[in-house]
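Below: one structure, written as structure tokens.
Sequence lines set the chain letters: A, B, ... in the order given, protein chains first and strands last, and positions in each chain run from 1.
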Number of protein chains: 2
Amino acid sequence: MKKSLADKIEEYLKVLIERSENRQVEIQRSELAETFDCVPSQVTYVLSTRFTEETGYLTESRRGGKGYVKITRLDDSDLKSDTFRRELISFIDEMRDKKNISSKEAEMLKFLTNYAFQGFAVEEKNRIFKALKKALENYLL
Amino acid sequence: MKKSLADKIEEYLKVLIERSENRQVEIQRSELAETFDCVPSQVTYVLSTRFTEETGYLTESRRGGKGYVKITRLDDSDLKSDTFRRELISFIDEMRDKKNISSKEAEMLKFLTNYAFQGFAVEEKNRIFKALKKALENYLL
DNA sequence: TTATTATAGTCAATAAAAGTCAAAAATCAA
DNA sequence: TTGATTTTTGACTTTTATTGACTATAATAA
């Protein structure tokens with residue numbers, strides 16, 4: 001795959017995280033930008049597109065002097081990212097309210113959403129729920 | 001039979017894939033279009049008519065800067081693993097025949113099965129289809 | 001406390017791809 | 001030949017990446 005700058009920064013950070021003790025790395029945004037010879041907001045871009053809750057990461061930061069950015073890879077026990085499942089459920093309810101699907105269909109879809117993927121990893125579930133929502137959107141057309 | 005431009009592009013890509021290490025080739029749509037002196041959407045046409053899952057290929061792509069199109073020829077184990085999808089589809093049909101679900105519900109489920117997870121890795125799809133089938137079995141209880 | 005400095009964040013503009021869709025053209029089959 | 005199917009084309013859309021000017025926040029020095 002042709003690597004964009006964003007790809008390279010992503011890869012670099014992931015290597016650092018893998019090598020770390022605690023699946024965690026702390027950097028300085030401006031310093032990293034200098035390393036890759038780009039503007040600091042490029043780093044912000046990478047963080048917001050590649051190190052999100054959806055992809056299984058948590059980022060924290062502080063501005064000002066001694067500022068930093070800390071990235072942590074979440075494991076399954078950090079199970080608080082239920083956003084995508086809830087979003088899918090809301091979407092199903094919405095479809096039912098708008099009469100795009102029947103109540104019975106909505107119930108079936110919600111059952112599958114809630115029970116089929118128990119035991120799957122968090123970020124995998126997120127991708128699945130997102131894909132299902134997108135497919136449902138297409139189904140309506 | 002006279003070869004159409006689409007045929008030539010198809011042939012060209014297949015040669016590249018054969019010669020590759022891993023039954024895989026990566027191109028840039030616009031670049032390839034330039035090589036064959038045609039519009040980029042011609043390449044899209046070739047991909048969507050000649051490199052589909054049905055014909056044993058997987059295509060992935062990314063838009064935007066440093067975008068690409070990647071084509072992978074699925075191997076036997078990949079194709080064999082399509083049994084899980086087919087099994088799920090059969091099961092859905094069976095549920096419909098036994099009046100456990102309506103025709104409309106069956107159509108929706110089959111649509112989701114066939115389209116929602118395109119681009120997911122093969123083993124992942126297997127796990128997803130298995131999980132869906134199992135959940136559907138439970139749904140009936 | 002206040003001013004200064006050192007960080008990181010936000011947002012919008014621009015660019016660089018690929019995707020969509022439907023009309024027009026070419027080819028094929030009856 | 002003619003009607004159907006396949007191919008070709010291009011205008012328009014969407015997605016992704018890059019950049020920089022401006023804003024917000026925290027630590028430190030005065």
When you check the gap from the basic side-chain N to the acidic O, do [X] and [Y] get nearer than 4.0 Å?
X	Y	answer
B:Lys125	B:Asp82	no
B:Arg23	B:Asp75	yes
B:Lys98	B:Glu94	yes

Closest-nucleotide 5' rank along DNA chain D - winner of B:Gly64 and B:Val43
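Result: B:Val43.
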
Assign each of B:Cys38 and A:Ala6 to its nearest nucleotide of DNA chain D by heavy atoms, then name whichever residue's nucleotide is nearer the 5' end.
B:Cys38

Quick check on DNA chain C: between B:Arg29 and A:Arg63, whose nearest nucleotide comes earlier from the 5' end?
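Going by which nucleotide is closer to the 5' end, it is A:Arg63.
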
Sorted by position of nearest nucleotide on DNA chain C, 5' first, the leading residue of A:Ser30 and B:Ser30 is A:Ser30

Interatomic distance, [X] [atom1] vs [N] [atom2] [rounded to whole Å]:
X	N	atom1	atom2	value
A:Asp37	D:dG20	CG	P	11 Å
B:Gln28	D:dT16	CD	P	16 Å
A:Lys66	C:dA6	NZ	P	11 Å
A:Arg62	C:dG9	CZ	P	12 Å
A:Lys70	C:dA8	NZ	P	15 Å
A:Glu137	D:dT14	CD	C1'	14 Å
B:Glu34	C:dA16	CD	P	14 Å
B:Lys3	D:dT8	NZ	C1'	18 Å

For [X], which contact category applies under a 4.0 Å heavy-atom criterion: base, sugar-phosphate, or nothing?
X	value
A:Ser61	sugar-phosphate
A:Tyr45	base
B:Ser4	sugar-phosphate

A:Ser90 and A:Asp93: side chain donor to acceptor below 3.5 Å
no

Side chains of A:Thr55 and A:Thr52: do they bring a donor and an acceptor to under 3.5 Å?
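Yes, A:Thr52 and A:Thr55 have a side-chain donor paired with an acceptor closer than 3.5 Å.
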
Looking at the side chain of B:Ser41, which of C:dA18, D:dG10, D:dT19 is the nearest nucleotide?
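Nearest to the side chain of B:Ser41 among the choices is D:dG10.
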
